[in-house]
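As structure tokens, the structure follows; a few thoughts come after it.
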Amino acid sequence: QEYSIDQLFSMVDTKTIETNEGDKTGIALDDLMIKVGISCTSCNEYIIKAKDKNQQTVNWDVMKTGILTEHSRVYFPYTAHSLWVRDVIEIEVKENE
């Protein structure tokens, strides 16, 4: 399924998280996965892909803490900054085996 950033923000309420770079506001990734129809959110890994081909894979425990901002950036509190993907173009849902 494809959505614009505006569509995503109209579907999901925003929330603010605290990071070591200050407070960040965006839509909750856990709520987003539920709203787009992922039935077993904890059964999957999530591959967050950027325009520059960078990608990071996170499990549900990390995913449920994160947000996606209006600037297409993903933040996860209390994680390595390498997981904070810029220019997100896709979040792929990969079923755990």
Side-chain angles (χ1 to χ4, degrees):
Q1 299 173 349
E2 290 188 23
Y3 299 93
S4 71
I5 196 82
D6 291 335
Q7 287 174 309
L8 296 177
F9 270 77
S10 70
M11 294 168 52
V12 182
D13 292 333
T14 59
K15 78 173 192 176
T16 300
I17 62 170
E18 185 180 311
T19 73
N20 60 3
E21 287 187 359
D23 291 346
K24 306 293 182 185
T25 300
I27 55 174
L29 292 172
D30 56 349
D31 194 24
L32 175 61
M33 293 302 109
I34 293 165
K35 296 266 172 70
V36 299
I38 306 302
S39 57
C40 182
T41 52
S42 62
C43 300
N44 305 300
E45 289 187 326
Y46 300 87
I47 305 168
I48 302 165
K49 299 180 180 183
K51 190 185 319 183
D52 67 1
K53 308 288 187 224
N54 177 34
Q55 66 181 38
Q56 294 296 328
T57 302
V58 297
N59 64 24
W60 179 244
D61 287 337
V62 173
M63 188 72 164
K64 67 185 177 184
T65 68
I67 60 166
L68 173 66
T69 70
E70 289 182 12
H71 303 290
S72 297
R73 180 137 191 219
V74 169
Y75 291 95
F76 300 101
Y78 315 113
T79 62
H81 287 204
S82 61
L83 294 180
W84 297 7
V85 178
R86 297 176 189 263
D87 299 320
V88 174
I89 58 168
E90 180 181 353
I91 299 175
E92 179 182 329
V93 180
K94 179 182 170 196
E95 289 185 33
N96 286 332
E97 297 172 7

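Counting all heavy atoms, side chain and backbone alike, K15 lies closest to G66 at CE-O, 4.4 Å. Here the closest non-hydrogen pair linking E45 and T57 is OE1-CG2, 3.8 Å. For the pair A50 and V85, the tightest heavy-atom approach, listed with the atom from each and the gap, is CB-CG1, 3.5 Å. Of all the heavy atoms in I17 and P77, the pair that sits closest is CD1-CD, 3.6 Å. Scanning all heavy atoms of the two residues, the minimum distance from I5 to S72 falls at CD1-OG, 3.9 Å. The heavy-atom pair separating M63 from I91 by the smallest distance is CE-CG2, 3.9 Å.
Taken to the nearest 0.5 Å, the OG1 atom of T25 stands 9.5 Å off from the CD atom of E70. Considering OG1 of T16 and NZ of K24, their distance stands at 11.0 Å, rounded to 0.5 Å. Here the straight-line distance linking atom CZ of F76 with atom CD1 of I48 works out to 3.5 Å at 0.5 Å rounding.
The side-chain contact (heavy atoms from CB on, under 4.5 Å) test with I34 singles out one residue from V12, L29, T41, and that residue is T41.
Ring pair Y75/W84 is perpendicular by interplanar angle, where above 60° counts as perpendicular and below 30° as parallel.
Annotation: Q7, atom CD; neighbour count of heavy atoms from other residues, nucleotides and ligands within 6.0 Å is above 12. Counting non-hydrogen atoms of other residues, nucleotides and ligands closer than 6.0 Å to CG of D13 gives a total of 12 or fewer. Environment of NE2 in H81: crowded, with over 12 heavy atoms of neighbouring residues, nucleotides or ligands closer than 6.0 Å.
Between D52 and D87 the shortest side-chain heavy-atom distance does not fall below 4.5 Å. E18 places a side-chain heavy atom less than 4.5 Å from the side chain of Y78.
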